[in-house]
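Input: a single structure, listed below in structure tokens.
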Amino acid sequence: MHDGSIPPVLAPPAALGDHASRAHDGPHDAALPAVAELFRDHYEFVWRLTGRLGVPAAAVDDAVQDVFVVLHQRRHEFAIRGSVRALLYGITRRVARRYRERAARHVELVEEPVEPAGPGLDEELARRQAAAVLRDALAGLDEDKRMAFVLADIEGMPMPEVAECLEINLNTAYSRVRVARQLLQRAIARHHARAHRRTP
Amino acid sequence: MIEPLDDELRRFVGALREVDRPGEAARAATWAAIDARLAADVAPRRPARLSWPLAAMAAAVLLGLGLAAATAWRGRAEANVEAVHQHAVDPTIHPLEPRSVRAVESPQARSGESLQPGPEESSQPDPGESLQPGSGESASAPESPHPNGPTSADEPRGLERDTGESPPDSRKPARPAQSRRRPADSPSLRPEEVASFQRAQAALAAGRYEDALAALDVHGRRFAAGVFEEERQVSRATALCKLGRVDAARDARRRFLRERPASHLAERMRQICRDDE
């Protein structure tokens, strides 16, 4: 189990398409790594997923905790038949659903995170604005298409792994990603159009 | 194979990747919280794992104790049942009703003075218990079969209690075969009284009349108001007659017939020394 200390998480996480986390060409039913190791390698992946799955920003950290705690408590029930990230995605999706329902009941507790603003950081501001545009556009998609795009184009998963995470066949995964891209492109275009109209 | 993102969408995706990243402080805090929760979960789970064998052992111990208690209870219950049966069979455990000896033998008590041996009889040495060695039966038969029975040292008290206040343990019944008549059926018959009288009867039957007289004297002193009073007078008259002390035998006969004309031994007493007359 874990040794009680904070794992060495400063190393770059292997969540973005690292080979070790992909088990498509490896043996099935591999042993689940220790929770500290999973946290070190997949913390950012889980953190991003919780936000993409609609968990309010104020509750993301709690949801991430729940994911790894559930993973530890039920580790003997889990068997890695494919991707570790696919397993994490399944757990995160269930945890996120619970947090979304809780947030819907307690709207007053949900607060939008305060965006830190630094003076003279135009590039950073533009990045934040672009991220906000894409985040809003993603929020406008249904979950199937949104998560297909997130896993494939943001998390960088190969399409078979995306299909595994979403528990759909590969062609459906391709289709969802294409449709999501088209919808996002239209949303970005509308953003540019509104920006042009506001700019004198 | 899916086609790559267009440049614009790739820029937005890149911006989102850059912005939506947790800080190191958030990572450390999240891990600390996870670690604390796992530690809290681990603490109670360890004894839970250990509790299986402990619970099994505890259950086995409890089962064993229950079986032992049930066995002990059953054994005690059976013992009680046996004790009840024995209690029902053994008459010595029953509390005995005080024998109405005083009422039965009140004539004897009244005639106690006249039943004292005559001058010739009183001149005989008091054999007491020491006279018995000459008798084979007296040597084999104990004077007081009951361990708690009165001894010669208890004679005065025995005489006093003989009126019906004798202790319960001294009232062990004699077997019916040992006696010829009522004493056998009497619940208040004392074994030592029966044994003492049997010694006298045995000496009389064996022709040892002196020993019989001595034994009857001892019996008369110890059990003056006993149930063998009439039998003792008949036996005494018989022994006197056999010893040739005819006058004494006749006196005893006359006194008996005068005091107990309705006795069931009256006819037998009349036959004593009759031929000599």
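Reckoned from all heavy atoms, side chains included, excluding hydrogens, waters and symmetry mates. Remember, it's a predicted structure, so these values are computed and weren't measured experimentally. Each chain gets a letter, A, B and so on, in the order its sequence line appears, and its residues count up from 1.
Contacts of A:F149 classified as ring-ring contact (aromatic ring centres under 6.0 Å, His included), with partners at least two apart in sequence or in another chain: none. Remark: B:D6 engages no residue in a salt bridge (Lys or Arg N to Asp or Glu O under 4.0 Å) (not counting sequence neighbours).
The aromatic rings of A:H42 and A:F45 stand perpendicular to each other, their planes meeting at an angle above 60°, with 30° marking the opposite boundary.
Of the two parts of A:L134, the backbone and the side chain both hold a non-hydrogen atom closer than 4.5 Å to a non-hydrogen atom of chain B. In this structure, chain B has no heavy atom under 4.5 Å from any part of A:L170. For B:R10, no part lies under 4.5 angstrom from a heavy atom of chain A.
Of the listed residues A:V64, A:D61, A:L184, A:D153, the one with more heavy-atom pairs under 4.5 angstrom with chain B than any other is A:D153. Most heavy-atom pairs under 4.5 Å with chain B, from the set A:R181, A:M159, A:R127, A:Q129: that is A:R181.
Atom CG of A:N169 has more than 12 neighbouring heavy atoms from other residues, nucleotides or ligands inside a 6.0 Å radius.
The one candidate from A:R176, A:R52, A:R100 that meets the salt bridge (Lys or Arg N to Asp or Glu O under 4.0 Å) condition with A:E143 is A:R100.
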